[in-house]
Amino acid sequence: MSDLFAAQVQGRSTALGPQARVLHGFALPFAEALLAGIDAVLAAAPLRHLVTPGGHVMQVAMSNCGRFGWCSDRRGYRYDPNDPQTARPWPAFPPAFLALAGEAAEAAGFPGYRPDACLLNRYAPGTRLSLHQDRDEDDRVAPIVSVSLGLPATFLFGGFARGDKTVRVPLMHGDVVVWGGADRMRFHGVLPVSPGLHPATGECRLNLTFRKVR
DNA sequence: TAGTAGCG
DNA sequence: GAAC
């Protein structure tokens, strides 16, 4: 068994790599505040389906909050301080977002985390996100903090080339995945979400992905 | 290659 | 899962 992917369970966390881990249930105490924050963000910056540079409509519905928002269109991927749909700045971080992101990062070995962007993803049943790298940030060392809410999903965590072997990580409501440093540029994705009904979110999975763009 | 179609 |  490879020690990189050995997935050693230590209490309520599972190692996916030297600087990548799953914090099981870490966001549960924050869930109510996070969901309220999501509602507020989406009221100002509605979910939308972005188009990839290849011209395909993404299955995941997205929005953003924070200083920068991740955007995609036929011209490429980028971070924009404004919502292209409204020409207005993205909503500020709800306070609970920053608290959770900082505490989760610290628990995973990244103290002093100060994200400046948060991508909101909504996965309806059947929705997937194909394997990719987060490579549009200037800072490629600061961790990604990914929070799962609602319906469960299977996270794919791979290597540094698309074709590398992937590990399947079951993620439930309240789980947080943190990867940075040497593991920051690993490919990752999400398998199609199975239909279901979750008390917190209804018929969908919600994901918050924090990044440090600058 | 933040995706799909199409074949084994 | 490989090819595009």
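Note that this is a predicted model, so its numbers are computed, not measured. Naming: A, B, ... by sequence-line order, numbering from 1 per chain.
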Whole-Å gap separating P (B:dT4) and CG (A:L129): 10 Å
Please report the distance, rounded to the nearest Å, between CG in A:L50 and P in B:dG3. 10 Å
How is A:R211 classified with respect to the nucleic acid when contacts are heavy atoms under 4.0 Å: base, sugar-phosphate, or nothing? base
Could you check how far NE2 of A:H132 sits from C1' of B:dG3, rounded to whole Å? 13 Å
Specify the separation, in whole Å, of atom CD of A:Q133 and atom P of B:dG3. 15 Å
Have a look at A:N121 and say if it touches a base, only the backbone sugar-phosphate, or nothing, with a 4.0 Å heavy-atom cut-off. nothing
Could you let me know what C:dA2 is paired to, Watson-Crick or G-U wobble, both distances under 3.5 Å, or none if it's on its own? none
Could you give the CZ-to-P distance, from A:R128 to B:dG3, as a whole number of Å? 7 Å
For A:M58 and A:H49, work out which heavy atoms get closest and say how close. O-ND1, 2.9 Å
Nearest whole angstrom, please: distance from the C1' of C:dG1 to the CG of A:L156. 13 Å
For B:dA5, the nucleotide meeting Watson-Crick or G-U wobble distances (both under 3.5 Å) is none
Given atom NE2 of A:H56 and atom P of B:dT4, what is their separation to the nearest angstrom? 7 Å
Which word best sums up how the rings of A:H188 and A:F155 line up, parallel for under 30°, tilted for 30 to 60°, or perpendicular for over 60°? tilted
When rounded to whole Å, the CZ to C1' distance for the pair A:F187 and C:dG1 reads 16 Å
If we only count heavy atoms from C-beta on, is the A:L16 to A:V169 side-chain gap below 4.5 Å? yes
Quick one: does any side-chain atom of A:S63 pair with a main-chain N or O of A:A45 as donor and acceptor, under 3.5 Å? yes
Pick base, sugar-phosphate or nothing for A:T52, based on heavy-atom distances below 4.0 Å to the nucleic acid. sugar-phosphate
